[in-house]
2 protein chains.
Amino acid sequence: MSVTILENRSQTATRADDAFDCLQTAIVKGDLAPGEKVGEIDLCERFALTRGPLREALGRLESRGLLIRRPHAGFKVVSISGDELVELYRIREAMEGLAAQQAAERMTDEEITDLLALLDRHEEMVDQAQGQAYYQHEGDYDFHYRIAMGSRNRKLSQMLLGDLYYMVRMYRYRLSTSAGRPHKALREHRSIADAIAQRDGELARFLMQRHINAARLNIENKIQSGSLTL
Amino acid sequence: MSVTILENRSQTATRADDAFDCLQTAIVKGDLAPGEKVGEIDLCERFALTRGPLREALGRLESRGLLIRRPHAGFKVVSISGDELVELYRIREAMEGLAAQQAAERMTDEEITDLLALLDRHEEMVDQAQGQAYYQHEGDYDFHYRIAMGSRNRKLSQMLLGDLYYMVRMYRYRLSTSAGRPHKALREHRSIADAIAQRDGELARFLMQRHINAARLNIENKIQSGSLTL
DNA sequence: TAGGCCGATATTGTCAACAATATGTCCGTT
DNA sequence: AACGGACATATTGTTGACAATATCGGCCTA
């Protein structure tokens, strides 16, 4: 959940780190609404912090694109338009395609075994909850998370997990999946995992790109039909 | 040069912003060597800053991956291995391919005219300086910069210009181009620009990917032959 | 009455002193 | 003599007070 795994924040966590994690999850979970203006003092009492570490965390959030700062005028939570959300998926298509290819070439056999087991667990979840749960409970991101890590490409995983996913997850709760899509998405995940298991990098890349492309089209339709308001 | 254009830091620049820019260029230019350990106090007197803004800048640099922090033990400038440098080019290949495609679809006619004019100027520079100057004087990055901006994809340009290029440019001065490569690179640039001028997105993407792939192979050869030490 | 200017206020940016922690050294022990 | 542990030191992390600036309301003018 936290970013700890990514940047091996080896030893003691500093308060600024805590503040960073708190704020990040607050933004992603929607506790701080997109577009909302946030004041330093509010946040201080809200998270029981002093302004120093808080400001440091705010700066880091800004540099990750989750907050927007206007000098002397405070921060506000980033809010992206429908178009920008779609653009995010185009980036994902390119980057995760690469990640899938490299993962197919570089994941250990053990990691692949785990990946397949993860999909089994996801299948149970989807059956059990009639497809509702998959996206809601971050299972989807678990899958993509493992692919990103499996690429053994430090910068790539850093950019995917640190920059893109948080933005996408901000709008996750509104993207209640259309009926049937979870099953379809899970099938697509499995085909990607199979390609990885066969060490077929090109196929994995192709399938991942098509998978994310499908998700993008799904969102575009929702925006078109007006059932998704940003 | 600065990041100002990217994030429209509309009004007054704060000292932390200055510190950020100073440190960033210092790292990119090599004034702060890769792997070098930097102490807060040293930097304070070096850039005539106080610790508050400095720390904020350091945090932002860390979150961009140019610095690495160990809690209570200071920062050091990131130093990447040859493998990691190559991985960077794989990411560029995927992302800039997308950027080129979107640029072909979205740049204004005026921007395209300017782009072609830019290449004319570059040609003069290359002829005049026998090919030395192209990479050295950031002309190369000017071209890629315009493509990234032309994609009209905010996050994409932000990631390319804010995350990737600075890391690549850190190692630019060591990548003295092999004889003849600048001319070749310029030809490739021109073919990409032509594809964009013809609004052929798929071709532009293909050519850009091949262009960056060639640059990657060039680097891999240098590493192999031992003529590039990291 | 509408528009723009100006100042009070609250918020952000900056500073310098204090507390907590890692590093490196010295000493004692084995 | 070499290793391990504890201490001193220097560096980082944190705090609260101070200075600078944008926002908002009221006032004046056209």
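First the proteins, then the strands, lettered A, B, ... as listed; each starts at 1. These numbers come from a predicted model, not from an experiment.
Atom CG of A/Leu54 and atom P of C/dT11 are 14 Å apart (whole Å). When rounded to the nearest whole Å, the span between NZ of A/Lys76 and P of C/dT11 equals 18 Å. Taking atom CZ on A/Phe75 and atom P on D/dA22, their separation rounds to 15 Å, with Å as the unit. Between the CG atom of A/Asp18 and the C1' atom of D/dG13 there is a distance of 12 Å, rounded to whole Å. One can place CD1 of B/Ile41 at 12 Å from C1' of D/dT9, the figure rounded to the nearest angstrom. As a whole-Å value, the separation of A/Glu56 CD from C/dT12 P is 17 Å. In this structure, CD of A/Glu40 is placed 15 Å from P of D/dA22, rounded to the nearest angstrom. Taking atom CZ of residue A/Phe20 and atom P of nucleotide D/dG13, one finds them 16 Å apart after rounding to whole Å.
Residues A/Pro53 and A/Phe20 fail the side-chain proximity criterion, which asks for heavy atoms closer than 4.5 Å. Looking at B/Met159 and A/Met95, their side chains come closer than 4.5 Å, going by heavy atoms from C-beta outward.
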Can you tabulate the close N/O pairs, meaning under 3.5 Å, that link protein atoms to atoms of nucleotides 15-20 of chain D?
residue	atom	partner	partner atom	Å
D/dT15	OP1	A/Arg15	NH1	3.0
D/dT15	OP2	A/Thr50	OG1	2.9

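Side-chain nitrogen and oxygen atoms of B/Arg55 include none within less than 4.0 Å of the OP1 or OP2 phosphate oxygen of D/dT12. When the side-chain nitrogen and oxygen atoms of A/Thr14 are compared with OP1 and OP2 of D/dT14, one or more of them lie within a distance under 4.0 Å. Remark: A/Arg70 is not in phosphate contact with C/dT12, judged by side-chain N or O atoms under 4.0 Å from OP1 or OP2.
Using modelled atom types and a 3.5 Å distance limit, the side chains of A/Gln209 and A/Glu96 yield no donor-acceptor pair.
Geometrically, A/Arg169 does not engage A/Tyr165 in a cation-pi contact defined by less than 6.0 Å to the ring centre and at most 45° from the axis. Judged by the 6.0 Å and 45° rule, B/Arg69 forms no cation-pi pair with B/Phe75.
Below 30°, between 30° and 60°, or above 60°: for A/His144 and A/His189 the angle between ring planes is above 60°, a perpendicular geometry.
Applying the salt bridge (Lys or Arg N to Asp or Glu O under 4.0 Å) criterion to A/Arg51, with sequence neighbours excluded, gives A/Glu40.
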